[in-house]
J.: 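Quick one: this structure, given as structure tokens, is what I'll be asking you about.
Read the numbers this way: they start at 1 and go in the same order the structure lists the ligands and their atoms.
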Amino acid sequence: MSWITVCGGGNGAHALIGTLLLRDKGIQIRLYLPIEEERSQFVEAISCQPSFELRVAGKVYSVASKRIHVTADPKEAARSSVIIMVMPAFAHEPILSQLAPYLTKENIIAALPARSGLEYQAWDILGRANREECTVVGFQTLPWACRIEEFGHSVIIHGTKKRVGAACLPREEIGEKARVFSTLLGMDVIPYQSMLELSLANTGQLIHPGIMYSVFGDRLEEVFPSENEVPLFYASVDEAAAKVLSRMSDEVITIKDTVEQKRSGFKMPSVVHLSRWLDEAYGEEIADTSSLARKFQTNQGYQTFKVPVKKLNAGYRVDIAARYLTEDVPFGLLVTKGIASVVGVETPMINEVITKISRWIGKEYLVGGRMIGCDVTATRAPQKYGIDSLKGLLQQEI
Ligand code: NAD
């Protein structure tokens with residue numbers, strides 16, 4: 001019998017719990033839920049329902065809910081050798097801090113997904129607790145598009161990625177850890193060479209803030225009278241928006257090239273231009289590959305996603321509190337901007353996107369293009385951790 005700790009009780013955590021339990025009858029889950037209300041709701045749900053259900057493509061797969069043991073005790077949570085955080089990046093800090101005193105070199109603590117800059121936060125928190133010897137794994141994305149159907153009881157998986165990239169601290173363990181997680185998740189886990197590669201290869205940090213800025217920036221006050229009239233998100237990319245996204249992506253490629261030139265032998269092959277990434281990620285799902293805009297417009301996988309909105313008394317308006325901004329900027333684009341500053345790369349397009357979005361969400365990140373705004377402390381930019389050199393960026397990676 002092996003135990004795996006899952007941290008988080010949201011959509012992704014439900015999908016992960018169901019997947020792990022279905023794939024291996026010998027697995028039991030320690031579900032670490034430090035938020036009291038969520039914990040008591042989950043305990044109540046599994047005590048009322050003997051099964052936990054995963055719904056995929058119209059089929060229902062059931063596992064016994066008694067295999068899920070809910071806990072609020074970080075010491076107990078750290079008893080499993082594999083611990084997986086499935087939550088937005090802003091929740092990694094409290095979870096890592098709560099678990100850190102109990103972690104040992106036997107633990108693998110993973111973030112599914114990591115977003116960017118996980119390594120700086122992990123070095124900081126685990127270092128202060130003297131727990132650097134445990135292994136940290138960051139995944140590039142959540143492998144499922146999923147939604148809770150009934151809390152603590154059932155989840156719908158709308159789509160599953162065939163493979164997911166991952167990086168590891170220490171870097172040389174990624175081959176072995178990729179095999180462990182491939183078996184647990186039932187999909188190919190592609191080893192990335194470094195956490196820096198994972199951070200820069202995070203395409204959500206470009207696509208989400210980039211589209212909000214270029215497509216919806218002038219539509220923040222617009223009221224969409226009904227749900228049907230809420231515009232599509234990715235498929236709304238026009239030529240002008242594609243130009244913005246392409247320039248942002250070019251800037252990331254310049255950061256990658258600069259790091260690789262400064263550090264011979266250090267390579268980040270997964271950091272590719274958005275246009276190529278779309279081809280590789282979606283392949284034949286894209287009907288027209290003649291331009292970046294057309295790739296967004298004709299990608300089958302993008303046709304159901306609408307711009308995030310909040311409900312008004314009458315109608316809907318673009319939601320600036322959505323994770324596309326509140327997660328992908330401080331735990332994505334700001335990290336990349338911070339890395340660019342450290343290695344001396346100018347990023348005028350990324351600066352403009354950050355500056356405009358900062359105004360919408362009432363944050364100060366950049367002052368005169370520099371990472372000195374008062375809200376940088378609430379991001380995972382290297383500057384938050386006092387990292388100001390390439391050596392610092394790569395401290396435990398080379
Ligand atoms: P969610 O909102 O459903 O889950 C949030 C969970 O995080 C909460 O239920 C809670 O358990 C935990 N949490 C939040 N703040 C916390 C705190 N301060 N302390 C302790 N726990 C806290 O999110 P999700 O849909 O499961 O998404 C998880 C991640 O996966 C996000 O980064 C999201 O952007 C990404 N993602 C999700 C999907 C999807 O289909 N759900 C798809 C792609 C990527």
Side-chain angles (χ1 to χ4, degrees), residues 5-20 29-43 45 54-56 68 70-74 77 83-100 109-118 121 125 138-161 163-166 185 187 198-199 202-209 212 233-234 281-282 301-302 304-306 308 319 321-333 335 378 380:
T5 292
V6 173
C7 305
N11 301 301
H14 278 67
L16 176 65
I17 292 168
T19 302
L20 293 171
I29 302 290
R30 287 191 177 101
L31 180 59
Y32 178 59
L33 296 176
I35 300 172
E36 208 211 317
E37 196 187 339
E38 187 173 45
R39 183 171 66 252
S40 49
Q41 270 180 34
F42 210 103
V43 169
L54 203 63
R55 291 169 191 267
V56 192
I68 307 167
V70 181
T71 182
D73 179 359
I83 301 169
I84 310 176
M85 301 185 287
V86 194
M87 46 187 42
F90 58 74
H92 293 159
E93 182 168 16
I95 298 295
L96 282 170
S97 302
Q98 289 154 22
L99 299 188
I109 183 152
L112 183 72
R115 303 301 184 210
S116 299
L118 174 70
Q121 187 171 60
I125 295 173
F139 285 88
Q140 200 217 354
T141 180
L142 189 78
W144 311 283
C146 54
R147 289 290 174 271
I148 293 171
E149 190 184 44
E150 189 182 330
F151 187 81
H153 175 56
S154 63
V155 57
I156 305 183
I157 309 260
H158 296 288
T160 302
K161 300 206 169 61
R163 50 196 194 150
V164 53
L185 300 173
M187 64 186 61
L198 188 77
S199 289
N202 169 2
T203 49
Q205 67 179 333
L206 306 179
I207 296 174
H208 297 146
M212 288 296 259
F233 185 69
Y234 305 99
Y282 292 96
Y302 281 164
T304 52
F305 291 94
K306 297 197 160 192
D319 184 8
R323 299 222 178 115
Y324 286 175
L325 299 180
T326 55
E327 187 178 14
D328 285 306
V329 175
F331 301 95
L333 203 52
V335 178
R380 277 202 306 222

J.: Closer than 4.0 Å to some heavy atom of Ile95 - which atoms of ligand 1 meet that?
T.: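 Near Ile95, meaning under 4.0 Å from one of its heavy atoms, ligand 1 has 20 (C).
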
J.: Identify the two heavy atoms, one from Gly9 and one from Ile148, that lie closest to each other, and give their separation to 0.1 Å.
T.: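 In this case the closest contact between Gly9 and Ile148 is O-CD1, 3.9 Å.
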
J.: Tell me: protein heavy atom nearest atom 10 (C) of ligand 1, and distance?
T.: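 For this ligand atom, the closest protein heavy atom is Glu38 OE1, 3.2 Å.
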
J.: Suppose I only count heavy atoms of Arg147 and a 4.0 Å limit; which atoms of ligand 1 are within that range?
T.: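 Taking each heavy atom of Arg147 in turn, ligand 1 has 39 (C), 40 (O), 41 (N) under 4.0 Å.
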
J.: Check the angle between the aromatic planes of Phe151 and Phe42 and answer parallel, tilted or perpendicular using the 30° and 60° thresholds.
T.: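 Rings of Phe151 and Phe42: perpendicular, over 60°.
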
J.: Within ligand 1, which atoms have a heavy atom of Gly8 less than 4.0 Å away?
T.: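 Counting from 1, the qualifying ligand atoms are 11 (O).
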
J.: Any idea which of Met87, His14, His158 brings a heavy atom closest to atom 7 (O) of ligand 1?
T.: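 Considering heavy atoms of Met87, His14, His158, the nearest to atom 7 (O) of ligand 1 sits in Met87.
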
J.: At less than 4.0 angstrom from any non-hydrogen atom of Ala145, what atoms of ligand 1 do you find?
T.: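 Every atom of ligand 1 under 4.0 Å from some heavy atom of Ala145: 40 (O).
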
J.: Give the residue, atom name and distance (to 0.1 Å) of the protein heavy atom nearest atom 37 (C) of ligand 1.
T.: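 Checking every protein heavy atom, the shortest distance to atom 37 (C) of ligand 1 gives Leu142 CD2, 3.5 Å.
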
J.: Which heavy-atom pair separates Gly117 from Ser199 by the least distance, and what is that distance?
T.: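 Here Gly117 and Ser199 meet closest at N-OG, 3.0 Å.
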
J.: Among all protein non-hydrogen atoms, which one is nearest to atom 15 (N) of ligand 1, and what is the separation to 0.1 Å?
T.: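 Here the nearest protein heavy atom works out to Ala91 CB, 3.6 Å.
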
J.: Going by the order shown, which atoms of ligand 1 are within less than 4.0 Å of some heavy atom of Pro34?
T.: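 Selected atoms, number and element: 20 (C).
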
J.: Who's the nearest protein heavy-atom neighbour of atom 25 (O) of ligand 1, and how far?
T.: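 Sorting protein heavy atoms by distance from atom 25 (O) of ligand 1 puts Asn11 ND2, 3.0 Å first.
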
J.: Nearest 0.5 Å please: distance from the CG atom of Leu198 over to the OG1 atom of Thr141.
T.: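 Rounded to the nearest 0.5 Å, the CG-OG1 separation comes to 10.5 Å.
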
J.: Go through ligand 1 atom by atom and flag the ones less than 4.0 Å from a non-hydrogen atom of Phe90.
T.: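 Answer, ordered by atom number: 15 (N).
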
J.: Looking at non-hydrogen atoms alone, which of Pro113, Cys7, Gly12 comes nearest to atom 29 (C) of ligand 1?
T.: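 Heavy atom nearest to atom 29 (C) of ligand 1 belongs to Pro113.
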
J.: When the ring planes of Phe305 and Tyr234 are compared, do they come out parallel, tilted or perpendicular, using 30° and 60° as the limits?
T.: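 Aromatic pair Phe305/Tyr234 classed perpendicular.
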
J.: When rounded to the nearest 0.5 angstrom, what is the spacing between CG in Leu31 and CD in Glu38?
T.: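 Going from CG on Leu31 over to CD on Glu38, the span is 8.0 Å.
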
J.: What residue and atom, counting heavy atoms only, is the protein's closest point to atom 27 (O) of ligand 1, and at what distance?
T.: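 Of the protein heavy atoms, Arg323 NH1, 4.0 Å lies nearest.
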
J.: What residue and heavy atom of the protein are closest to atom 18 (N) of ligand 1, and at what distance?
T.: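 Result for atom 18 (N) of ligand 1: Pro94 CG, 3.9 Å.
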
J.: Where do Arg55 and Ser154 come nearest, in terms of heavy atoms and distance?
T.: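 Closest approach of Arg55 to Ser154: NE-CB, 4.3 Å.
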
J.: What residue and atom, counting heavy atoms only, is the protein's closest point to atom 32 (O) of ligand 1, and at what distance?
T.: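 Result: Glu327 OE2, 2.8 Å.
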
J.: Looking at Ile84, Ile95, Val6, which hits side-chain contact (heavy atoms from CB on, under 4.5 Å) with Tyr32?
T.: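 Running side-chain contact (heavy atoms from CB on, under 4.5 Å) over Ile84, Ile95, Val6 with Tyr32 returns exactly one hit, Ile95.
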
J.: Which residue holds the protein heavy atom closest to atom 19 (N) of ligand 1, what is that atom called, and what is the gap in Å?
T.: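 Here the nearest protein heavy atom works out to Ile35 CD1, 3.9 Å.
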
J.: At their closest point, which heavy atom of Gly138 faces which heavy atom of Leu118, and how far apart are they?
T.: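 In this case the closest contact between Gly138 and Leu118 is CA-CD2, 4.0 Å.
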
J.: Whether the Arg115 and His92 side chains hold a donor-acceptor pair (N or O, under 3.5 Å, no angle test) is what I'd like checked.
T.: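 Absent: no donor and acceptor within the cut-off.
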
